[in-house]
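Okay, so here's the structure we're looking at.
Nothing here was measured: the structure is a model prediction, and the numbers come from that model. Chain letters run A, B, ... following the sequence lines, proteins first, then strands; residues in each count from 1.
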Amino acid sequence: MEEIPMDPYDFRDIESRWKPHWQRLGLYLTGTEAGKRPFYCLDFFPYPSGAGLSVGHCKNYVPTDVISRKRKMEGYNVLHPMGWDAFGQPTEEYAIRTGIHPSLVTRKHTDTYRRQMKLIEAGYDWEREIDSSDPSYYRWTQHFFLLLFDRGLAYQDESDIWWCPECKIVLSNEEAAGGQCWRCEKDVTRKRMNQWYFRITSYADRLLDDLEGLDWPEGIKAMQRNWIGRSEGARLTFMVGAPDGQDLPMPVYTTRVDTIYGATFCVISPEHPLVGRITTRDRMAEVAAYIEGARLKSNRERMAASEKQKTGVFTGAFAINPYSGERVPVWVADYVLMDYGTGAIMAVPAHDERDHQFARSYGIPIIEVVAPGGVPQGVEEKATVADGVLINSGPFDGLGSDRARARMTAFAEEKGFGTREVNYRIHDWMVSRQRYWGAPIPIIHCERCGAVPDRNLPVVLPEVDSYEPDDTGRSPLARVEAWLRTKCPECGGPARRDTNTMAGFACSSWYFLRFASPHEEDRPFDPEAVRYWLPVDLYVGGAEHAVMHLIYARFWTKVMYDAGLVSFTEPFSVLRNQGMILGADGQKMSKSKGNVVTPDEMVERYGADALRLYILFIGPFGADLAWNEEGIAGTFRFLRRLWRLCLESGAAGGEAEEGDRRDPELAFHLASTLRKVSEDMDGFQFNTAVAALMEFVNFLVSRSAGLEGNSGLRETLKQLLVLMAPMTPFISEELWHRLGFAESDEDSVHLQPWPLWREQDLALERMEMVVQVAGKVRARMSVPSGSTEEEIRGAALAQERIVELLGGREPARVIVVPGRLVNIIPGR
RNA sequence: GCGAGAGUGGCGGAAUCGGCAGACGCGCCAGAUUUAGGAUCUGGUGGGGAGACCUGUGGGGGUUCGAGUCCCCCCUCUCGCACCA
């Protein structure tokens, strides 16, 4: 018999054939069928950089694509959109260097991203594509700015803000976390400037409390709690004697009022306005030098230095402890921060490690006032931080820390020198940027009327000659005289536009709403569409936005809720973070390290299906893993094995015949694979889902010779192809058609319902069990399913090897776990 | 220091309502096949032992018929935050 040579697996041919077909079918258009439940699957809003996508980005886009496809097959209307967070610096920097307009640069970059996303067949509904730098989008970003403004949540203030000398841009606290610029990782410095802020602090409690109900990674929730940093304590006023004879109030914030009788000094931040007024003449020079030294140090130098040794200088002034009436020295030290609490503290060296370290350095007395469990611990060597029973605390002696705090705060309120206070680490969101490539802040400054909203939106970015910010930190917009000069909308008098643009995080704080109805012209979104699709059912992206985008978007959503614009208070019900794909060298992929792998080269060599499958298979979804090209070769081999299996054994099948018997083993393996793959995909365990598919194909290959022509095999292959369709769309479609499963040319494997397993197929007639003696496996046996424990026990004891090992002894004990094992404990 | 998570073959990783450790893949070894091919096929692959077996999930204790999984102590690593009063 002569073998007819089979077509080889030619992924290029297959890809080029099905792409236009699916395009015609409108496979990726958003579901609109009445009566179906919605599923909104969203990827983090990407910033289109010039480098294009690496395979690392695919670790985000392939899994969301797989889930979206599966949900569609399960009968959901699916919304899976894509768009561009296009405003931002790198584009602007590029424009500065080349003179090419940022919008053209953006266009070039987004074209690349879109092309690459199509290359890996990420099934986005491109009819809903949005671009945050397009006036049709940013007019609504401006609209929401005004919503915040109107609600008293946007304001201007002059204060010290973070400045990145490298990027030449101001940064919000979130963007400067850890003293480093979020984009270039260089140290940030301080600069005093007038800026726009959003009052996110007035939402701090809600942002904290609502974390509770979110299905988000614990780590992200913890980071947000930490960032919000709510603490409960008291604000207490110490009176400080100034050299001019006046008594000046110096409020301090503390969470440990209970330790106040142990306050042996006070510390005030070098930036504190009071420093200049309370320092005595003889201390002036030393204090001034210290302040200057602190100012010149970068924040991180300051932190690093004082970790080793805390420094400070005495101001010469004394403060009065409002409880004890005691007079304590006031020091200036840079371990006290100006932007937390009141910028001044009462220092209790006995019960605070930092104060302890400082007191030891400068020989300040340490007085123990809290005894944990009623037993004084001794505090000369080490501070006691735990709560306990108050001692040396006058009328409050004997109280527990908890009751003491309540009692002592009440006392302060009664006497008028203090009050209960809640403090937060989070600060208001500094949102203005002195940059060109952003959404202009729609405010007009009028000498008569002040800051007036410009409701004539959009305020379009004017054309400029150069995009560079100038040395004073002024925006390039400040140089466009014709644009700058305008009329006050209130009084009609001459006025000037605000020259700031908004940080990119403003644009991404509402984009998930725009996708619900991206073409609305008269409003940011259609409330009906938003009601149907939102909140987002599944949100996937990297962990690096924990306290930036994810907290800002939550804030805007709550503001919109308060304004009655949306009916939910949280935008993202379920959040998952994908891990990173590192270069083959285990390092972060970067151009400079030369270890970047692009989807382009992988698709060229192995095809989109093999790449997608390897991305899913490489390891756990959330883990950081090194790229390995041998690995993708493995998934490629797997696909070829599938190809051969289907065309060799499946094609011969034909229609089911009456006489075909169901093969119970085949049915069992199919059912358990369907179950395993379905459950693993829902649980984001794509790696084990792929492993189960490989295992099943291995099984089929080993059995296929015996099953050729059996309609059970054909039915099995049919279901297998449907099961694989979300992961490997091309080969699944091709084989589906080749095996003749399509009802018409317009049919598609992607339009099939998600396959369900039959519970009864999982029940086998016999079960394999292990027989242990003293916990060690000594024999294997097969018993009928549904055997009683007694029967299993009998069968186990009758095993030849077991009889031999027992050598006539009676078993002392026999443990039977049906379906698993029998453990025999021999008698002596 | 605080918070989150993790330590399993040569490698990525499976298996945690306690029940055959190492699924699946890579790599490696042997064989088959091909003129050659990122090819394919078959078998093997934690360590020790010729073998029956012994041993093995960061280390040490414990609970249990049985522990990678539960409890106690210790060590290491990754990530995030870090003088927040």
Side-chain angles (χ1 to χ4, degrees), chain A residues 8 177-179 217-223 225-227 229-231 233 252-256 259 267 269 302-307 310 333-337 339-348 351-355 357-358 385 423-426 543-544 546-547 577 579 605-606 613-614 617-620 622-638 640-641 644 676 685 687-698 701 768-780 801 804-805 811-817 819-826:
Chain A
E218 268 315 308
I220 300 284
K221 292 210 258 184
M223 277 188 240
R225 283 192 197 102
N226 198 320
W227 187 258
R230 185 190 149 98
S231 82
V252 303
Y253 174 73
T254 181
T255 54
R256 295 297 303 271
T259 64
V267 184
S269 164
R302 204 160 133 171
M303 271 160 32
S306 56
E307 210 163 279
K310 300 213 182 320
D334 64 4
Y335 81 91
V336 171
L337 308 174
D339 58 8
Y340 183 78
T342 63
I345 61 160
M346 64 174 208
V348 184
H351 304 292
D352 181 285
E353 281 163 15
R354 298 152 301 181
D355 298 343
Q357 207 190 332
F358 192 85
V385 183
N423 243 300
Y424 302 91
R425 292 182 51 194
I426 192 170
E544 65 276 8
V547 293
N577 300 128
R605 239 176 288 173
Y606 302 99
L613 201 60
Y614 181 55
F617 184 62
I618 185 168
D624 293 344
L625 298 156
W627 181 258
N628 171 13
E629 191 164 338
E630 310 283 1
I632 187 172
T635 56
F636 178 74
R637 275 197 289 276
F638 165 71
R640 197 155 44 191
R641 202 149 73 243
R644 221 171 333 106
K676 173 85 176 147
Q685 299 183 289
N687 56 331
T688 49
V690 175
L693 288 172
M694 290 175 164
E695 214 173 339
F696 187 49
V697 168
N698 289 347
V701 167
E768 303 301 317
M769 287 183 61
V770 158
V771 185
Q772 299 180 333
V773 175
K776 298 206 156 86
V777 180
R778 299 299 185 200
R780 288 160 198 285
R801 181 85 189 109
E804 203 178 304
L805 280 166
R813 201 174 156 191
V814 179
I815 292 112
V816 177
V817 185
R820 297 231 190 239
L821 52 70
V822 179
N823 190 8
I824 297 161
I825 315 304

- Ranking B:rG13, B:rA85, B:rC24 by distance to the side chain of A:N698, first place goes to B:rC24

- Task: Salt-bridge test for A:R605 and A:E629: reply yes if a basic N is under 4.0 Å from a carboxylate O, no otherwise.
- Result: yes

- Would you indicate whether the side-chain heavy atoms of A:M769 and A:V822 approach each other to under 4.5 Å? yes

- Message: Just the rounded figure in Å: distance from C1' of B:rC54 to CZ of A:R778.
- Response: 10 Å

- Query: Just wondering, do A:V814 and A:I825 contact through their side chains at under 4.5 Å, heavy atoms?
  - Reply: no

- So A:R641 and A:N698, side chain to side chain contact (heavy atoms under 4.5 Å, CB included) or not? Walk me through it. CA-CA 9 Å; A:R641 202 149 73 243; A:N698 289 347; 2.7 Å; yes

- Task: Can you tell me the distance, in whole Å, between the CZ atom of A:R605 and the P atom of B:rG38?
- Result: 13 Å

- Note on the structure: Comparing A:L805 with A:K676, nearest RNA chain B nucleotide closer to 5' gives the residue A:K676

- Query: Hey, does the side chain of A:K776 come within less than 4.0 Å of B:rU55's phosphate (OP1/OP2), counting only N and O?
  - Reply: yes

- Query: Are the side chains of A:S231 and A:Y340 in touch, meaning some heavy atoms are under 4.5 Å apart?
  - Reply: yes

- Item | Test item: A:E695 and A:V697 side chains (from C-beta on) under 4.5 Å apart, heavy atoms | no

- Sugar-phosphate means primed atoms, P, OP1 and OP2; the rest is base. With that split, encode nucleotides 45-52 of chain B 5' to 3' as B, S or - using protein heavy atoms under 4.0 Å. -------S

- A:V771 and A:V777, any side-chain heavy atoms less than 4.5 Å apart: no

- Roughly how many Å is it from CD in A:E695 to P in B:rC24, rounded to a whole number? 5 Å

- Message: Please tell me if A:R256 has a side-chain N or O lying less than 4.0 Å from either OP1 or OP2 of B:rA85.
- Response: no

- Rounded to the nearest angstrom, tell me the gap between atom CG in A:N687 and atom C1' in B:rA15. 12 Å

- Atom-pair distance (OH on A:Y335; C1' on B:rA82), nearest Å: 16 Å

- Would you please classify the geometry between the A:F636 ring and the A:Y606 ring as parallel, tilted or perpendicular, with 30° and 60° separating the classes? perpendicular

- Query: Is the side chain of A:R256 donor-acceptor paired with the backbone N or O of A:V385 at a distance under 3.5 Å, no angle test?
  - Reply: yes

- Task: Taking only the side-chain heavy atoms of A:N226 (C-beta and beyond), determine which of B:rG80, B:rA85, B:rC26 contains the nearest atom.
- Result: B:rG80

- Query: Which dot-bracket notation, 5' to 3', represents the base pairing of RNA chain B when pairs are defined as Watson-Crick or G-U with both distances under 3.5 Å, crossing pairs as [ ], and inter-strand pairs as |?
  - Reply: (((((((..(((......[....)))((((((.......))))))(((....)))..(((((..]....))))))))))))....

- Item | Residues in ring pair (Phe, Tyr, Trp, His ring centres under 6.0 Å) contact with A:Y614, at least two apart in sequence or another chain | A:W627

Anything under 3.5 Å between a protein N or O and an N or O of nucleotides 19-21 of chain B, put it in a table, one pair a line.
unit_1 : atom_1 : unit_2 : atom_2 : d
B:rC20 : O2     : A:R780 : NH1    : 2.6
B:rC20 : O2     : A:R780 : NH2    : 2.9
B:rC20 : N3     : A:R780 : NH1    : 3.2

- Message: Do A:V773 and A:N823 make a side-chain contact, defined as non-hydrogen atoms from C-beta onward lying under 4.5 Å apart?
- Response: no

Restricting to nitrogen or oxygen on both sides, can you table the protein-nucleotides 39-42 of chain B pairs closer than 3.5 Å?
unit_1 : atom_1 : unit_2 : atom_2 : d
B:rA39 : O3'    : A:R640 : NH2    : 2.5
B:rU40 : OP1    : A:R640 : NH2    : 3.1
B:rU40 : O3'    : A:R644 : NH2    : 3.2

- Task: Round to the nearest Å and state the distance from A:E804 atom CD to B:rC53 atom C1'.
- Result: 13 Å

- Query: Do A:N226 and A:R425 have side-chain atoms, one donor and one acceptor, less than 3.5 Å apart?
  - Reply: yes

- Message: Is the positively charged end of A:K310 above the ring of A:Y335, judged by distance under 6.0 angstrom from the centroid and angle within 45° of the axis?
- Response: yes

Polar atom pairs between nucleotides 6-12 of chain B and protein, under 3.5 Å, N or O only, would you list them?
unit_1 : atom_1 : unit_2 : atom_2 : d
B:rG12 : O2'    : A:I618 : O      : 2.9

- Round to the nearest Å and state the distance from A:R425 atom CZ to B:rG80 atom P. 15 Å

- Note on the structure: When rounded to whole Å, the CD to C1' distance for the pair A:Q357 and B:rG1 reads 12 Å

- Task: Among B:rA14, B:rC24, B:rG80, find the nucleotide with the atom closest to the side chain of A:M694.
- Result: B:rC24

- Ignoring hydrogens and angles, tell me if any N or O in the side chain of A:Y253 forms a donor-acceptor pair with the backbone of A:G233 under 3.5 Å. yes

- Compare all side-chain heavy atoms of A:N577 with those of A:E544 and state whether any distance is below 4.5 angstrom. no

- Side chain A:D355, main chain A:V348, donor-acceptor under 3.5 Å: yes

- Task: Please lay out, stage by stage, how A:I815 and A:Q772 fare under the test side chain to side chain contact (heavy atoms under 4.5 Å, CB included).
- Result: CA-CA 10 Å; A:I815 292 112; A:Q772 299 180 333; over 6 Å; no

- Task: Output yes when at least one side-chain N/O atom of A:Y340 is less than 4.0 Å from OP1 or OP2 of B:rA85, else no.
- Result: yes

- Could you tell me whether A:G229 contacts a base, only the sugar-phosphate backbone, or nothing, with contacts defined as non-hydrogen atoms closer than 4.0 Å? nothing

